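Inspection log for the structure reproduced underneath, given as structure tokens.
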Amino acid sequence: MADYNHKDIERFWQNYWKENNTFKTTTDQSKPKYYVLDMFPYPSGAGLHVGHPLGYIASDIVSRFKRLKGFNVLHPMGFDSFGLPAEQYAVQTGQHPAITTEKNISRYKEQLDNIGFTFDWSREVRTSEPNYYKWTQWIFIQLFHSWYNKATDKAEPIQSLIEKFEKEGNSKVNAACDEETPVISVEDWKQMNEKEKLEFLLRYRLTYLADTMVNWCPALGTVLANEEVKDGFSERGGFPVVRKKMSQWSMRISAYAERLLQGLETIDWPEPMKDMQRNWIGKSMGAELLFKVEGKSTEIKVFTTRVDTTFGVTYLALAPEHELVSELTTPEYAEKVKEYIEIAGNRSERDRMSDVKTISGQFTGAYAINPFKDEKIPIWIADYVLAGYGTGAVMAVPSSDTRDYAFAKHFNLPIIQVQEGEGTDISQENFDPKKGTMINSDFLNGLPVKEAIQKAIAFVEEKGLGKGKINYRMRDAIFSRQRYWGEPIPVYYKDGIAYSLDEKELPLVLPEIDEYKPTETGEPPLGRAKNFKTKEGYPLELNTMPGWAGSSWYFLRYMDPKNEDRFVGKEKEKYWNQVDLYIGGAEHATGHLLYSRFWNKFLFDLGLVTSDEPFKKLINQGMIQGRSNFVYRINGTNKYVSYGLKGNYETTAFHVDVNIVQNDVLDLEAFKKWRPDLADAEFVLEDGKYNCGHEVEKMSKSKYNVVNPDDIVDQYGADTLRLYEMFLGPLEQFKPWNTQGIEGVYKFLRKLWRLFFDEKGGLKVTDQAPTPEEFKALHQTIKKVEEDINRYSFNTSVSTFMICVNTLSELKSNKKAILQDLLIVLSPYAPHISEELWKVLGNKESITYAQYPKWEEKYLIEDSFEYPISINGKLRTKMTFSLDTTPQEIEKSVLASEQVQKWLEGKTPKKIIVVPKKIVNLVI
RNA sequence: GCGGAUGUGGCGAAAUUGGUAGACGCACUAGACUUAGGAUCUAGCGCUGCGAGGCAUGGGGGUUCGAGUCCCUCCAUCCGCACCA
């Protein structure tokens, strides 16, 4: 055994772990449990780059650490294997997505295994496997058969709702349901036929079929969820998205808005992540106010957070899509209104957003009555009013709202001041709508804003003009996708009414089809399947579930992945309870993480899971970015100029493969061979070298800056990769990958190796008793690393290891007692080399079964301490005292010392501060 | 516009409770051993000054014996949301 040979060592231990099932986890009641989870990946065709394993390495360190600490650790991995790219590929090539997916998964597993993770692969889940999605469909059915009872504040079986209808109608039912649900009596209910009853129940079900405005992406041929649309374009592919009304399945997540908000207080997540969810849920408290329309019986309902300003309302504004628009519009304005709606409707979402400053609107000819003072106000339609928020109608108070103000100015509408005091003038810079006291507002005059709001709401409710209302921005989640590669929705249609499949019929397996495209008649791809019907011959739902369906509960399946009778066994669920630590990217804030919390809360309501919140602690790992290199071609030639000289020429920059660049210096020969057109390239060099430019960008194939972990593992080993990724900086931070620095970590491992072997490869470890210095080095390391892991500061641990090994090298230490414990502490970070050296020391069992050593204070205590002596906070000198010297004695000696007397220049200090083991400060 | 974060050497970064700022690593410089070094070891490495010293944590101010850390203010960069009534 001469040199540190990572290849042999890592191959050996990875096989050993596999053969011995070292990381197979069972439910072990005798040990405390710990559940560490990574966000499972979508297996893309590009494979892993060095950025992907970052979070997995961190979670693996925690897993190994917790094991050594005596915990029974669940650390699983799986694949979010339904998804668009595989389907797009299928559309183009005709290759079944299952085949592509399978291929990508095996590539991913191979790459992951190379890094030496502790994943228990026997628990692997794949969302696209029928034995998994059977239970995704099952949860869908549970949601379909449930409603949300606001009185008990939880989901209940739909049967309990039916019973209520039969007994007392729906007037006393306080449920999360459609806005326009009519009030029905017992008689009404009893007179309905089955079809009518089922249609009525859809208004209450937690997953329901409804005509909804959706984000339709013509290029992808599917609808997209709000968070899948960015600035009017699809997140994947960047295709335009339009608004369209379609019959779609939706999830009534709005029923859980308040609990999703409240739950955030109970979990340990990064504050920005919670804020994003709060923002998304968008709770605002205010009131709904009814405005009578002059000469008509209709009323317009508006939502406002500022009822107190009602005396300042000078017009009403409706969204162009508002349902009352056509009814209200007077004949003489009909033409103009129609025109305006057309223009507004044709403007794409993107136009509307990028064009915030353009003010447009149209008077309808109708007037409403201000309920607070019986005054006529004009009704306008305006596209600054959103149909999807509140009631789609706004009471405009130009003196208190900047948009209303701009609109009023533009169309010369009156402005009534209702607040006075500093900051209440809307035309001024310092305008703050919450400042000042009320004026021109009758019974509210003289009140500050906060009190005025309360009094106004009370007034509104007393007079029956409306009611206090909490409004949430979060909409229900559209659940239908017109795609092939997703879970079939377990629903069939009889007489045009949706029925859920019987649980016994699950899984409803994805049928084979000839082509992965919509049908000629515009039906989703499943419309191509032959005989896609129930046994009785009823047609099945042709839409599939969205990507987030399978990922909304996978963390539960890991607890009991093979269970064929339940989505997760009761006992096992109770034991593993909740994910203790969840590591993943921040981009899932308003998607996956919100949906998972929703489904988990629903399952909790049904008594199927133990915990109300699925993820106790969440950490967002930062992305590892690429560091791209550039060459500069002189325009019109095949000549390339070095970075420092490019100013002398007209050049164009090109990405160059980072693998043929070292320290920003280009390998000229490799460059010529890189592409055929570069074979006769010429160069303008600096000091005989070609220096490349560089930039930090996202890692991507097209930028030639992708670093494959396999290459790093091959050259330096998995342990080096693991240590280096941690060493790069704080886990949460975004940071560029820089292969240069990896040498330092690699050197550290070789230095560690040399603590065990001499130059000739002979083992030089002895059984001698360690010295106090050696104990100190070890125990400082144990203490520091343990603290680091507990606060997820993995980067500082790596430094600690380096310092420890440097110290031991300097001490020429080779004591078994020290080295053995050091290996245990190091093993979560660098498991392969630790196991190998552990074995070299003569240990029979794998290091995984060892106990994490305890740090002991007695080894850390020094007998003396060098105190910095400062005068008025300025460091002047240093003096050493033994630790048992009392502060009084230190004071005395410091004052007596010649040096300090020199600094004091005969003055007596006013104050002397002695901070034990910190500092002595004299204040003159 | 609203919300959130971040700002420390040439670079990645440490500094956990206010207590010797820059640990550890990269890069760089010099030296040793070497036929050689992309191996190893030793030393140096914030700025400034011959030196004692002085100045330094985005800028300015404050609290304190003492501030990277706490408070105020301004600036820059990044991220999220964005006509949310």
Side-chain angles (χ1 to χ4, degrees), chain A residues 3 231 270-280 282-284 286 302-306 309 317 319 352-353 355-359 382-386 388-397 400-404 406-407 433 471-474 586-587 589-590 622 662-664 723-724 727-730 732-748 750-751 754 759 784 787-788 790-791 793 795-804 806 809 866-878 909-913 915-924:
Chain A
D3 264 334
D231 299 330
E271 208 46 49
M273 193 67 27
K274 290 189 186 182
D275 267 342
M276 270 191 247
Q277 292 209 345
R278 285 190 194 108
N279 214 305
W280 187 262
K283 179 179 183 175
S284 56
V302 305
F303 175 75
T304 178
T305 54
R306 295 295 304 275
T309 62
R352 251 167 105 162
M353 276 190 277
D355 201 19
V356 171
K357 275 165 204 130
T358 312
I359 296 161
D383 73 352
Y384 81 88
V385 182
L386 303 174
Y389 182 76
T391 60
V394 171
M395 60 174 228
V397 186
S400 299
D401 183 286
T402 49
R403 291 154 304 166
D404 297 346
F407 193 85
N471 193 54
Y472 299 93
R473 182 151 64 230
M474 183 169 65
E587 66 275 15
T590 51
Q662 275 231 330
N663 290 2
D664 288 338
L723 282 165
Y724 187 56
F727 184 66
L728 226 40
E732 297 91 336
Q733 221 159 79
F734 280 60
K735 55 227 156 186
W737 176 265
N738 182 356
T739 305
Q740 259 181 65
I742 205 168
E743 287 287 343
V745 169
Y746 189 49
K747 248 186 242 177
F748 154 73
R750 283 185 305 200
K751 219 166 183 177
R754 285 200 302 276
E759 274 106 85
K784 182 76 177 14
E787 284 168 357
D788 286 343
N790 283 329
R791 63 192 176 106
S793 174
N795 55 329
T796 50
S797 295
V798 183
S799 295
T800 307
F801 289 129
M802 289 178 177
I803 294 168
C804 182
N806 283 343
S809 302
E866 191 181 48
Y867 282 82
I869 313 294
S870 63
I871 295 175
N872 281 348
K874 279 216 164 89
L875 176 69
R876 293 300 177 182
T877 183
K878 285 174 188 175
K910 277 188 209 151
K911 219 198 282 183
I912 302 170
I913 298 157
V915 184
K917 279 198 81 175
K918 292 279 181 185
I919 196 165
V920 178
N921 196 355
L922 313 179
V923 184
I924 302 177

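Predicted model, so just to flag it, every value in this text is computed and none were measured. Residue numbering restarts at 1 for every chain, and letters A, B, ... go by the order of the sequence lines.
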Just so I know, are the side chains of [X] and [Y] near enough to count as touching, which here means a heavy-atom distance under 4.5 Å?
{"X": "Thr739(A)", "Y": "Tyr724(A)", "value": "no"}
{"X": "Asn795(A)", "Y": "Ser793(A)", "value": "yes"}
{"X": "Asn921(A)", "Y": "Lys911(A)", "value": "no"}

Write down the distance between [atom1] ([X]) and [atom2] ([N]), rounded to a whole number of angstrom.
{"X": "Lys747(A)", "N": "G38(B)", "atom1": "NZ", "atom2": "C1'", "result": "10 Å"}
{"X": "Lys735(A)", "N": "C78(B)", "atom1": "NZ", "atom2": "P", "result": "20 Å"}
{"X": "Glu787(A)", "N": "U17(B)", "atom1": "CD", "atom2": "P", "result": "11 Å"}
{"X": "Glu271(A)", "N": "C81(B)", "atom1": "CD", "atom2": "C1'", "result": "16 Å"}
{"X": "Arg278(A)", "N": "G80(B)", "atom1": "CZ", "atom2": "C1'", "result": "14 Å"}
{"X": "Tyr389(A)", "N": "A85(B)", "atom1": "OH", "atom2": "P", "result": "4 Å"}
{"X": "Ile869(A)", "N": "G19(B)", "atom1": "CD1", "atom2": "C1'", "result": "13 Å"}
{"X": "Arg750(A)", "N": "G25(B)", "atom1": "CZ", "atom2": "P", "result": "14 Å"}

Legend entry - Where Ser284(A) and Tyr389(A) come nearest, the two heavy atoms and their spacing: OG-OH, 3.0 Å
Taking the same atom, [atom1], in [N] and in [M], what whole-Å distance lies between them?
{"N": "U8(B)", "M": "G4(B)", "atom1": "P", "value": "22 Å"}
{"N": "G58(B)", "M": "U42(B)", "atom1": "C1'", "value": "38 Å"}
{"N": "G68(B)", "M": "A15(B)", "atom1": "C1'", "value": "9 Å"}
{"N": "A23(B)", "M": "G44(B)", "atom1": "P", "value": "12 Å"}
{"N": "G19(B)", "M": "G66(B)", "atom1": "P", "value": "14 Å"}
{"N": "U16(B)", "M": "A21(B)", "atom1": "C1'", "value": "16 Å"}
{"N": "C72(B)", "M": "G3(B)", "atom1": "P", "value": "15 Å"}
{"N": "G62(B)", "M": "G80(B)", "atom1": "C1'", "value": "33 Å"}

Inset, instruction - Could you tell me whether the phosphate oxygens of C41(B), OP1 or OP2, come under 4.0 Å of any side-chain nitrogen or oxygen in Arg754(A)? - result: yes
If you check every side-chain atom of [X], which of [options] has the closest atom?
{"X": "Met802(A)", "options": "C24(B), A13(B), G19(B)", "value": "C24(B)"}
{"X": "Arg876(A)", "options": "G4(B), A85(B), G54(B)", "value": "G54(B)"}
{"X": "Arg791(A)", "options": "A13(B), U16(B), G54(B)", "value": "U16(B)"}
{"X": "Gln740(A)", "options": "G19(B), A27(B), G80(B)", "value": "A27(B)"}
{"X": "Pro868(A)", "options": "U20(B), C83(B), U16(B)", "value": "U20(B)"}
{"X": "Asn795(A)", "options": "A13(B), A85(B), C83(B)", "value": "A13(B)"}
{"X": "Val923(A)", "options": "C65(B), G4(B), C81(B)", "value": "C65(B)"}
{"X": "Thr796(A)", "options": "U20(B), A14(B), G19(B)", "value": "A14(B)"}
{"X": "Lys918(A)", "options": "C24(B), G19(B), A27(B)", "value": "G19(B)"}
{"X": "Lys751(A)", "options": "C41(B), C24(B), A85(B)", "value": "C41(B)"}

Inset, instruction - Give a yes or no on whether Lys917(A) atom NZ has more than 12 heavy-atom contacts from other residues, nucleotides or ligands under 6.0 Å away. - result: yes
Base, sugar-phosphate, or nothing: which does [X] touch, judged by heavy atoms less than 4.0 Å apart?
{"X": "Glu743(A)", "result": "nothing"}
{"X": "Lys878(A)", "result": "base"}
{"X": "Leu728(A)", "result": "sugar-phosphate"}
{"X": "Pro909(A)", "result": "nothing"}
{"X": "Lys274(A)", "result": "nothing"}
{"X": "Asn806(A)", "result": "sugar-phosphate"}

Legend entry - Anti/syn call for G49(B), syn if |chi| within 90°: anti
Inset, instruction - Could you tell me whether the side chain of Arg473(A) and the main chain of Asn279(A) form a donor-acceptor pair under 3.5 Å? - result: yes
Legend entry - Exam field: side chain Ser400(A) to backbone Val397(A), donor-acceptor pair closer than 3.5 Å: no
Taking a pair as Watson-Crick or G-U wobble with both distances under 3.5 Å, which nucleotide is matched to [N]?
{"N": "G46(B)", "answer": "C55(B)"}
{"N": "G7(B)", "answer": "C75(B)"}
{"N": "C2(B)", "answer": "G80(B)"}
{"N": "U16(B)", "answer": "none"}

Legend entry - 5' precedence on RNA chain B between Gly729(A) and Gly744(A) (nearest-nucleotide basis): Gly729(A)
Legend entry - Residue closer to the 5' end of RNA chain B, Lys784(A) versus Thr391(A) (nearest nucleotide): Lys784(A)
Inset, instruction - Give, for atom NZ of Lys918(A) and atom OH of Tyr867(A), the distance between the pair rounded to the nearest 0.5 Å. - result: 11.0 Å
